[in-house]
Protein chains: 2
Amino acid sequence: MAHAQLRPPTMADVAQLAGVSHQTVSRVLGDHPNVRDETRTKVLHAIKELGYRRNSSARALATRRTRTLGVVASNTTLFGPASTLFAIEEAARAEGYLVSTVSLRKLTVETLSEALDHLSEGGVEGVIAIAPQRSAVDALAELSSPFPVVVVGGGQPEGDIPSVSVDQHLGARLATSHLLAAGHRKVWHLSGPEDWQEAADRVVGWRATLEESGIEPPTLLHGDWSPLSGYRAGQELAGWVGRGLTAVFVANDQMALGVLRALREAGVRTPKDVAVVGFDDIPESEFFAPPLTTVRQDFSTVGKRSIALLLDLVEGRALSGAPRIAIEPQLVVRASTFPYAPQPEGVLN
Amino acid sequence: MAHAQLRPPTMADVAQLAGVSHQTVSRVLGDHPNVRDETRTKVLHAIKELGYRRNSSARALATRRTRTLGVVASNTTLFGPASTLFAIEEAARAEGYLVSTVSLRKLTVETLSEALDHLSEGGVEGVIAIAPQRSAVDALAELSSPFPVVVVGGGQPEGDIPSVSVDQHLGARLATSHLLAAGHRKVWHLSGPEDWQEAADRVVGWRATLEESGIEPPTLLHGDWSPLSGYRAGQELAGWVGRGLTAVFVANDQMALGVLRALREAGVRTPKDVAVVGFDDIPESEFFAPPLTTVRQDFSTVGKRSIALLLDLVEGRALSGAPRIAIEPQLVVRASTFPYAPQPEGVLN
DNA sequence: GACGTCATTGTGAGCGCTAACAATCCATGA
DNA sequence: TCATGGATTGTTAGCGCTCACAATGACGTC
């Protein structure tokens, strides 16, 4: 039974009640060997009796370890960042670390710098920055911090920042060659914002795949990831149907949703008239009209690998150079690229 | 220019370099009055020179304040929880607090208890639990913790836990009476999991609205929030078309997406044959086929209010009883309930 | 029976900061 | 001129914990 007290009990209180020294209490809590069972039991009893909890600040001060990691992210309501965040926290917790998050509306040098400051004030031992914009990665490179920083989701960045990301180039290849293999002569591309490294990498992969097949890449369209921007681009794309447009690779699923709607409203049938491929595999994609062929990014692996990498850095394990970890994406084929509609099955994550 | 050192510089180092006592350094950092400008300048110079950063653990130990709050959540990749989380972090940061998050796959007494322990080890001063399941709220009620806990998103819970949530009852009323006002004789309801307080509250609101109009509520269907479960329920609902079913109120947008698809596949037209209303207003709803009429929950306000409430508790401000804060939802009318399709406009958040 | 060895427990000194109080300086007015 | 008091700065004592080392006790060996 916990006793109500003004001051929470300290290790010394426990020690006194158990009739041992505070150091012995510390040993019991730290699972040290060389503590007699009888003593351990006495101490544990006293701990329970007082409702004692170790003071984390004192512990951190003495050990110089806070066991806290930081994450800086933006667009955390989007599926990708949210999934990554989730995996990061889960992996960190499994290693006994706490994760403090700063969610930014915009990633600029100023906001990033403030975020790192804020996390630093909180005593984090390392930070993962979910920074898909190239500008953010650049900003990070010039900001020096007293702890290690790992960049996630910034495609394959230049510079020497340790990073973890999905191989966007490969993803774009999968999407594009899938359409080519289905018999399309040309593949249009609706890209994300130019500043996003992922968007740029997907453009490169798309273009390379076409050129390797001796196909001249058609005009590139840009959106801002939102369904609305996809809708607008879709209206434009609809105008080219009948003039060679039969296949579109859209840089994310949300924009693909907008494209599908625009095409439908223009009387263009998917996939009969125009095939559409998305990117991300958000849980909804399977239920679009028609269900969307897309490229799945394994955000969970991204999260786990980035924590593993950050902990290598934090705990000072030897690493060769600035590690770059690339995760392979996967093509998921659904009805938006074939003229038949498979039934959905299985449970969504 | 920061000097590389083995040990990060301490306040004493700064004091020595500036030729003052460490206490004066502390005063400068703490923005105390009664420090001569000249002294302040000297100290600030020394701080910059050494690249000094205050040690948060030592500070926390001395002040007995960690300025860290915790959040326990589940389903953080869903729009609702993710939005709430974002608003919480932003509001907390504005007040100078750091936020540590624990994302759970399932909210049970065990996982919740472990999460609170983990956060407690991290020294949080208070916790917000995003706990939409009734069982989670109950678990929270029986778990005693050494810090204040605020529940978010659990509908209007019983018991005396401080809580913040959207008025689900009102939301369900808005949806249901909108359909009745449009001339429907009866309104079906696809609910969420029975264990979710929000789902239960929506059922109550739906049923009350019908009964007040002297309408006998039809059979209630249950899903699990996923598009897939909506799809399956939609197949069942399609079977009742022609037997009185003309309007469905679906408890979230994702399931509504599945319903729309099932209806479409069954040759049922929306909204001509069957009108559909969702709940949440996720960014994609506007681009469903057809665009979805839904009930918008202001998660941002939920986040802000919950931080304000938690800080009242943490900082010991007087509060009457166990505060219950209810936020009003809003109906957003789109094409799924009217036989015409307005163009999308404006920028999505 | 003295001694070395191992297991177990205790002691003392910080970790780097803030709070409370003490000391100093300087201008003011009697 | 000297007391008076506000502004400024310094001194000391913790905050609650872990680390390094010292002390104790039990046991077996020669």
Side-chain angles (χ1 to χ4, degrees), chain A residues 5-47 50-68 96 120-125 146-147, chain B residues 5-44 46-47 50-68 96 120-125 146:
Chain A
Q5 288 184 230
L6 272 151
R7 285 282 154 88
T10 71
M11 201 170 258
D13 298 331
V14 174
Q16 188 175 17
L17 182 60
V20 297
S21 75
H22 63 132
Q23 181 58 262
T24 299
V25 177
S26 177
R27 288 197 182 95
V28 170
L29 254 32
D31 260 344
H32 275 249
N34 301 353
V35 176
R36 228 190 323 161
D37 275 354
E38 189 192 325
T39 312
R40 184 185 307 279
T41 311
K42 266 194 307 186
V43 170
L44 290 175
H45 262 77
I47 287 177
L50 295 176
Y52 170 73
R53 322 207 65 155
R54 195 153 48 170
N55 178 310
S56 60
S57 304
R59 184 168 151 76
L61 179 58
T63 58
R64 301 152 179 273
R65 300 289 317 268
T66 59
R67 298 196 74 80
T68 299
S120 173
E121 293 278 302
V124 298
E125 296 182 35
F147 40 68
Chain B
Q5 288 184 232
L6 271 151
R7 285 281 155 89
T10 71
M11 200 169 259
D13 297 331
V14 173
Q16 189 175 14
L17 182 60
V20 297
S21 75
H22 63 137
Q23 182 58 262
T24 299
V25 177
S26 176
R27 287 198 182 94
V28 170
L29 255 31
D31 260 342
H32 275 251
N34 301 354
V35 175
R36 227 189 326 159
D37 275 352
E38 189 193 324
T39 312
R40 186 186 306 279
T41 310
K42 268 194 305 185
V43 170
L44 290 176
I47 287 177
L50 295 176
Y52 170 74
R53 322 207 65 155
R54 198 155 44 172
N55 178 310
S56 60
S57 304
R59 185 169 150 76
L61 179 58
T63 58
R64 299 153 180 274
R65 299 289 316 269
T66 59
R67 298 197 75 79
T68 299
S120 173
E121 294 278 301
V124 298
E125 296 184 34

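Because only heavy atoms are used, hydrogens play no part in the values below, and waters and symmetry mates are left out as well, while side chains stay in. The chains referred to below are lettered A, B, ... by the order of the sequence lines, with proteins before strands, and numbering in each begins at 1.
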Rounded interatomic separation in angstrom, taking CG from B/Asn34 and P from D/dG5: 18 Å

Taking five pairs at each end, how big is the angle between the two axes of the helix from C/dG1-D/dC30 to C/dA30-D/dT1, to 10°? 60°

Nearest heavy-atom contact between B/Glu125 and B/Thr66 is OE2-N, 2.7 Å

Using heavy atoms to find the nearest nucleotide of DNA chain D for B/Thr39 and B/Arg64 separately, return the residue whose nucleotide is more 5′. B/Thr39

Of all pairs that satisfy side-chain hydrogen bond (donor to acceptor under 3.5 Å, both in side chains), the ones with a partner from residues 23-34 of chain B, not counting sequence neighbours: B/Ser21-B/Thr24

With a 4.0 Å cutoff (strictly under), does any side-chain N or O of A/Arg36 reach OP1 or OP2 of C/dT9? yes

What's the closest nucleotide to the side chain of A/Asn55 if the choices are D/dT18, D/dG16, C/dT18? D/dG16

In whole angstrom, give the distance that lies between atom CG of B/Asp13 and atom P of C/dC15. 11 Å

Any residue meeting side chain to side chain contact (heavy atoms under 4.5 Å, CB included) with B/Gln16, in chain and number order, not counting sequence neighbours: none

Show the distances under 3.5 angstrom between N or O atoms of the protein and N or O atoms of nucleotides 11-13 of chain C.
{"residue": "C/dT11", "atom": "O4", "partner": "A/Gln23", "partner atom": "NE2", "Å": "3.4"}

With A/Ile47 via side chain to side chain contact (heavy atoms under 4.5 Å, CB included) - residues at least two apart: A/Val14, A/Leu29, A/Val43, A/Leu44, A/Tyr52

List for me each residue that meets side-chain hydrogen bond (donor to acceptor under 3.5 Å, both in side chains) alongside B/Thr68, sequence neighbours excluded, and say none if there are none. none

Measure from the side-chain heavy atoms of A/Ser26 and tell me the nearest of C/dT18, D/dT18, D/dG16. D/dT18

Suppose we screen for salt bridge (charged side-chain N to carboxylate O under 4.0 Å, His left out). Which residues come up paired with A/Arg36, at least two apart in sequence or across chains? A/Glu38

Determine: side-chain N/O of A/Arg65 to OP1/OP2 of D/dT18, distance under 4.0 Å, yes or no. no

Taking only distance into account, with no hydrogens and no angle test, what donor-acceptor pairs under 3.5 Å do side-chain atoms of residues 53-63 of chain B form with protein atoms, sequence neighbours excluded?
{"residue": "B/Arg53", "atom": "NE", "partner": "A/Ser120", "partner atom": "OG", "Å": "3.4"}
{"residue": "B/Arg53", "atom": "NH2", "partner": "A/Asp117", "partner atom": "OD1", "Å": "2.8"}
{"residue": "B/Asn55", "atom": "OD1", "partner": "B/Ser57", "partner atom": "N", "Å": "2.8"}
{"residue": "B/Asn55", "atom": "OD1", "partner": "B/Ala58", "partner atom": "N", "Å": "2.9"}
{"residue": "B/Thr63", "atom": "OG1", "partner": "B/Arg59", "partner atom": "O", "Å": "2.8"}
{"residue": "B/Thr63", "atom": "OG1", "partner": "B/Arg65", "partner atom": "N", "Å": "3.3"}
{"residue": "B/Thr63", "atom": "OG1", "partner": "B/Arg65", "partner atom": "O", "Å": "3.4"}

Return no unless some side-chain N or O of B/Arg54 is found under 4.0 Å from OP1 or OP2 of C/dT18. yes

Excluding sequence neighbours, so at least two apart, what forms side chain to side chain contact (heavy atoms under 4.5 Å, CB included) with B/Thr41? B/His45

Testing C/dC17, D/dG16, C/dT18 for proximity to the side chain of A/Ala62, the answer is D/dG16

